[in-house]
Amino acid sequence: MEIQLKDNLLLTYIIQQLVKERIDCDLLYQNLVSDRPQYPFVTYSFIVPEQETTGDWLGMGRQYISHLQIDCHADSAIQAMNMANDLYSAFQSSVYRNYFEQADIDPQNFTNTSDRTVRVGTYYDYRFGFDCSFLVSNGGHVYSPDDLHFQAQPETEINTVQLSDAGDSEVISANGKEKEQ
């Protein structure tokens, strides 16, 4: 049976790929009651699974915002904090933007990372994380894992720009090495 990815399952699948690529950890549902893997690992929880953005969508690619909590768990506070900061940066980076764009998902708002360690005692589950939201613009569209490609795109840099007027009589060039006047 082929896996069908859509809506929040699709979103968590994409997040899972980013987590695996960036910090090489498992992504688990926060309220998982079975045994957890060895540290480190990352958890997610839906704060608001589907907040409608409009009531007048025309039946083609429902649009909504999903709000999530992402937490990095480790047996060291510094490791959990570094993982959370690294993931936070990855979600903001254009390098991983195509992970989401291919499914018409746009990362939106992110809170700052914070310490979310909840239990003090002999057993510490050090936890740092952040809340985030994603605009899903193609809700209901079904993808298979083979439809999606997860390869980080390097940052692009524009070195030269050339402009010309409609009559091609004047050409203006700007090189990244030229000094602006």
Side-chain angles (χ1 to χ4, degrees), residues 3-34 36-37 39-74 77 79-119 124-145 147-150 152-153:
I3 297 173
Q4 293 189 343
L5 302 169
K6 71 176 186 172
D7 300 322
N8 288 316
L9 180 59
L10 173 64
L11 177 59
T12 55
Y13 181 79
I14 293 171
I15 294 171
Q16 178 183 31
Q17 301 308 310
L18 189 145
V19 166
K20 199 66 143 161
E21 170 73 26
R22 189 65 181 242
I23 59 175
D24 194 28
C25 288
D26 291 328
L27 177 71
L28 307 168
Y29 183 61
Q30 176 71 31
N31 297 330
L32 185 69
V33 293
S34 63
R36 300 233 170 148
Y39 290 112
F41 58 89
V42 177
T43 59
Y44 71 94
S45 179
F46 285 97
I47 300 168
V48 179
E50 296 180 6
Q51 177 186 353
E52 298 293 337
T53 59
T54 181
D56 62 353
W57 64 283
L58 301 173
M60 298 177 59
R62 195 173 125 247
Q63 188 179 71
Y64 58 88
I65 297 175
S66 286
H67 301 272
L68 288 93
Q69 174 180 327
I70 306 284
D71 291 324
C72 297
H73 302 255
Q79 182 183 17
M81 180 178 62
N82 288 339
M83 289 169 53
N85 288 334
D86 197 23
L87 264 185
Y88 178 86
S89 295
F91 279 116
Q92 306 289 329
S93 169
S94 62
V95 172
Y96 296 99
R97 179 78 52 189
N98 66 314
Y99 280 31
F100 297 97
E101 284 179 348
Q102 65 184 328
D104 291 321
I105 297 173
D106 185 27
Q108 297 282 297
N109 300 318
F110 291 80
T111 64
N112 291 328
T113 58
S114 61
D115 186 353
R116 297 178 173 190
T117 304
V118 290
R119 189 169 141 172
Y124 279 102
D125 175 28
Y126 295 101
R127 192 170 91 179
F128 277 75
F130 52 90
D131 295 345
C132 51
S133 61
F134 298 87
L135 175 65
V136 178
S137 296
N138 203 5
H141 184 82
V142 177
Y143 295 85
S144 77
D147 295 334
L148 303 169
H149 306 285
F150 298 100
Q153 300 293 319

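Along the sequence shown, the residues carry numbers beginning at 1. Side-chain atoms are counted along with the backbone in the values below, which use heavy atoms only and exclude waters and symmetry mates. Fair warning: this is a prediction, and the values are worked out from it, not measured in the lab.
- Residues F128 and Y88 form no side-chain contact, since every pair of their non-hydrogen atoms from C-beta on lies 4.5 Å or further apart.
- Shortest non-hydrogen contact noted between M83 and I23 is CE-CD1, 3.9 Å.
- One distance of note links CD1 of I47 with CD of Q30; it measures 10.5 Å at 0.5 Å rounding.
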Intermediate values then yes/no, side-chain contact (heavy atoms from CB on, under 4.5 Å), F150 and E21: CA-CA 9 Å; F150 298 100; E21 170 73 26; over 6 Å; no
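- Annotation: the span from Y99 atom OH to Q17 atom CD amounts to 7.5 Å, rounded to 0.5 Å.
- Aromatic ring pairs are classed by plane angle as parallel below 30°, tilted from 30° to 60° and perpendicular above 60°; the pair F134 and F110 is perpendicular.
- Contact detail for A84 and T113: the closest heavy-atom pair is O-CG2, 3.7 Å.
- Contact check for L68 versus N8: no side-chain heavy atoms found under the 4.5 Å cut-off.
- In this structure, R97 CZ and F91 CZ are separated by 11.0 Å, a value rounded to the nearest 0.5 Å.
- No more than 12 heavy atoms of other residues, nucleotides or ligands lie within 6.0 Å of CD in Q4, so this atom counts as exposed by the packing criterion.
- Using a 4.5 Å heavy-atom cutoff, the side chains of I15 and V42 are not in contact.
- Atom OG of S137 and atom CD of Q63 lie 4.5 Å apart (nearest 0.5 Å).
- The list of salt bridge (Lys or Arg N to Asp or Glu O under 4.0 Å) pairs with a residue in residues 5-20, not counting sequence neighbours, reads K20-D26.
- Nearest approach of V136 to G139, heavy atoms of both residues: CG1-N, 4.0 Å.
- Ring geometry for H73 against F41 counts as parallel: the plane angle stays under 30°, on a 0 to 90° scale with 60° as the upper cut.
- Remark: side-chain polar atoms of T117 are paired, donor with acceptor, to backbone N or O of R127 under 3.5 angstrom.
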Steps toward side-chain contact (heavy atoms from CB on, under 4.5 Å) verdict (L148, L10): CA-CA 10 Å; L148 303 169; L10 173 64; 3.7 Å; yes
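- Closest of all the heavy-atom pairs between A90 and L18 is CB-CD2, 3.8 Å.
- Judged as a side-chain contact (heavy atoms from CB on, under 4.5 Å), and not counting sequence neighbours, the contacts of H141 are N138, Y143.
- For residues 130-140, the set of pairs meeting the salt bridge (Lys or Arg N to Asp or Glu O under 4.0 Å) definition, not counting sequence neighbours, comprises R116-D131.
- What you find for S133 and I65 is that their closest heavy atoms are CB-CG2, 3.8 Å.
- Q79 is not listed as a side-chain neighbour of C72, based on a closest heavy-atom distance of 4.5 Å or more.
- We find the OH-OG1 distance between Y44 and T12 to be 4.5 Å, quoted to the nearest 0.5 Å.
- Taking the side chain as every heavy atom from C-beta outward, M81 and Y126 never approach each other to under 4.5 Å.
- Y13 is not listed as a side-chain neighbour of I3, based on a closest heavy-atom distance of 4.5 Å or more.
- To the nearest 0.5 angstrom, L87 atom CG is 7.5 Å from I70 atom CD1.
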